[in-house]
Amino acid sequence: METAVRERKRQREEVAVPIPSMTAVGGGEAQYVYLPIADALKAAGVRVCIFAAVSEIGAAFHSRGTDFTRTLRIFDQSRSTGISVTFFANDTALLPCVRSSGDVISLHNVKITNYHGEFFVTFDKRSSSFALFEGKASTESSPYQTSMKYHGSKQDDEILTNMRMWLVYPPPEGVGLKDLELQLRSVQSDLTFDLVCKVLHVYEAPSGEWIFYVWDGTDIPTTELQTCLNTEAVPLHLEEVPLPREVLCTLPCIGTILRIFSNKFCKEITHLQRDIYWARFCNITCKQEFGIWKGTLPPSSRVRLLSNEDGSVVERLKMYESRLSTKVGRRPMASLHKAFDFTDVELKRAGYATLMESLTYERVTHKLKTLVRVVSAFPWQGSDLHSLLSSNKHCLRLTLEDPTARIHAYVCKDGLVRFFGGSLTAAALTRKMNRLLGVPEQAAEKDTPVARNPPWIWCCLKSYRLEKEDPWGSRRYQVFGTEVRD
DNA sequence: TTGGGG
């Protein structure tokens, strides 16, 4: 997919047609010839003028030299994937201060450069100039910001109107090639895509690796697991150090928080560490490890900060609000339209809560009804379960997950007999456990590794502390009032 | 009078 898009882009970019670049000065007023971005690319190295819309707004930073710098991404009809422009100025106030993505920018006397096979717009602070206009919703024709050397031209008004028309009524698909944009709920393995998300937390591991905790209000799809049933091999999270409780409690309780891992530093990180921003992660990929989704930033990826007014951000928030407005909307998205005939639960009074709601609950003790999948169990073999039930000494440990978290939950003593619906034979216990873990029936007999897909089950949980001195550190979950059916 | 950044 990505290669096809790149190939088509390259084909278009490689056609070297000489284009008369721009300027003609007449009658005392400057006349500027604006080139579509796609045409400007064919005139690399020549000074050109471009009239485009802003799709991404970078943060202002100190450059490695003496100036301040900011990068924008701009697009027009000829190139909906856009192109990056970096500005420099000795004062942040002189950098373009874009109020909202979708605003319109006029660039005079910029050059197209090709760096490592990718095109960029080079803005020279001595000779180039810019003007910023409000986006499609406005009729204001004068710019809200101009660089010092900017001279408006006669055609600006008309071109601005045309650009706004195009932004309101974009032409049908196929005119431009836009990067694939996915929500967490439609993520797939080994696909390169853009993700618009809220960056809730940034962590720098001692190894120098960065972890972004991101959220878009949707649930990431469930994964299939390998038949490996050993609890020890199934981690609760991918990061070495779990989030401290103070951070955990600031995170939303509905919707998946994806961990995106990155080895490279990007300057947006300093802003993301200080404050919570919506951002566009461009060209990221996801894969599964131990049934947990892990985002990664390949070399071609980048991070762009978004304003809260950005169209994609507004859309995500609206969707989240409508999700919260119904009881069913709060449940795991992947559990909708599924039957829950695997368990009987007795708890009428305790309401439904996600695992994250319980983890961040203000008290150590909490009773809740959850909709979860059993991703592993220890012990899991019928014979071991059988001696567990008869000895009445030890507990069965389950690893439960929903879109918001994974936890260990124990089934102990009387609860065990209740859980399995009586003192069953080893064979009957094996059968029930396999159903819980989603092991396909044919595979259960042989020991061949196949993918398993645990069903969603209703499950009652209660939490409590083991040690008075360390209530949160010793917090444990126990399954109660839940019976696995035949 | 240039680099900076990609």
Side-chain angles (χ1 to χ4, degrees), chain A residues 2-3 5-6 9-10 12-14 35 37-38 40-50 52-76 78-98 101 105 107-130 132 147-149 177-179 192-195 210 212 260 262-273 277 279-285 296-306:
Chain A
E2 191 203 9
T3 24
V5 171
R6 290 204 168 205
K9 271 194 217 166
R10 196 172 301 125
R12 196 167 53 190
E13 284 161 3
E14 274 176 0
L35 290 186
I37 296 170
L41 299 186
K42 297 167 195 159
V46 182
R47 283 183 181 183
V48 293
C49 300
I50 292 171
V54 179
S55 57
E56 295 170 18
I57 309 160
F61 293 96
H62 256 299
S63 75
R64 277 202 274 156
T66 55
D67 279 346
F68 291 93
T69 175
R70 158 172 283 145
T71 299
L72 304 179
R73 195 165 183 89
I74 61 167
F75 67 102
D76 68 6
S78 73
R79 191 176 164 95
S80 57
T81 52
I83 185 166
S84 165
V85 199
T86 302
F87 298 82
F88 295 93
N90 54 24
D91 187 330
T92 46
L94 300 176
L95 292 170
C97 186
V98 185
S101 52
I105 191 165
L107 294 169
H108 289 175
N109 300 334
V110 291
K111 272 184 197 163
I112 303 291
T113 47
N114 191 309
Y115 183 84
H116 291 327
E118 196 180 344
F119 285 109
F120 296 91
V121 175
T122 297
F123 186 94
D124 182 339
K125 71 180 175 195
R126 287 154 302 164
S127 51
S128 310
S129 59
F130 71 83
L132 277 169
S147 65
M148 278 183 305
K149 296 192 189 74
L177 298 159
K178 203 176 186 313
D179 286 344
T192 302
F193 62 94
D194 287 4
L195 180 72
W210 295 90
F212 301 91
I260 301 178
S262 171
N263 284 316
K264 66 173 185 185
F265 177 84
C266 66
K267 51 198 169 91
E268 278 73 20
I269 288 179
T270 45
H271 285 254
L272 294 168
Q273 275 182 310
Y277 281 91
R280 179 185 293 273
F281 283 74
C282 305
N283 287 345
I284 72 162
T285 58
T296 46
L297 295 183
S300 68
S301 62
R302 55 185 191 277
V303 183
R304 289 284 173 263
L305 306 182
L306 299 175

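The sequence lines fix the lettering, A, B, ..., with proteins before strands; numbering per chain opens at 1. From a predicted model like this one, the values you see are computed outputs, not experimental measurements.
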Problem set entry | Side-chain N or O of A:Arg126 closer than 4.0 Å to phosphate OP1/OP2 of B:dT2 | yes
In residues 87-96 of chain A, what donor-acceptor pairs under 3.5 Å come from side-chain atoms, sequence neighbours left out?
unit_1: A:Asp91; atom_1: OD1; unit_2: A:Ala93; atom_2: N; d: 2.9

Exercise. Can you tell me how far P of B:dG3 sits from OH of A:Tyr115, to the nearest Å?
Worked result: 13 Å
Problem set entry | Ring center gap for A:Phe68 and A:His62 short of 6.0 angstrom | yes
For this session: With sequence neighbours excluded, tell me which residues meet side chain to side chain donor-acceptor pair (under 3.5 Å) with A:Ser101.
Result: A:Asp310
Exercise. Once you round it to whole Å, what is the distance between P of B:dG5 and CZ of A:Phe265?
Worked result: 12 Å
For this session: Give the rounded distance in Å between these two atoms: CG of A:Leu72 and C1' of B:dG5.
Result: 13 Å
For this session: Answer yes or no as to whether B:dG6 has its base stacked against A:Phe120, where stacking requires a ring-centre separation under 5.5 angstrom and planes under 30 degrees apart.
Result: no
Seminar exercise, completed: note: A:Arg73, atom CZ; B:dG5, atom P; distance rounded to Å ~ 18 Å
Exercise. Atom CD1 of A:Ile112 to atom C1' of B:dG5: distance rounded to whole Å?
Worked result: 15 Å
Exercise. Does any N or O donor sit under 3.5 Å from an N or O acceptor when you compare the side chain of A:Ser84 with the base of B:dG5?
Worked result: no
Seminar exercise, completed: To the nearest angstrom, the CZ-P distance between A:Arg70 and B:dG5 comes to 16 Å
Exercise. Do the side chain of A:Lys125 and the base of B:dG3 come within less than 3.5 angstrom through a donor-acceptor pair of N or O atoms?
Worked result: yes
Exercise. Below 4.0 angstrom from OP1 or OP2 of B:dG5, is there any side-chain N or O of A:Arg64?
Worked result: yes
Exercise. Are A:Phe281 and A:Phe193 an aromatic pair by the rule of ring centers under 6.0 Å?
Worked result: no
For this session: Classify the nucleic acid contact of A:Thr86 as base, sugar-phosphate or nothing, counting any heavy atom under 4.0 Å across all strands shown.
Result: base
For this session: Check the distance between B:dG5's P and A:Lys267's NZ and give it to me in whole angstrom.
Result: 8 Å
Exercise. Are the side chains of A:Ile50 and A:Val85 in touch, meaning some heavy atoms are under 4.5 Å apart?
Worked result: no
Problem set entry | Spacing of A:Phe61 atom CZ relative to B:dG3 atom C1', expressed in whole Å | 18 Å
Exercise. Is a donor-acceptor pair below 3.5 Å formed from side chain A:Thr66 to base B:dG3, judging by atom type as modelled?
Worked result: yes
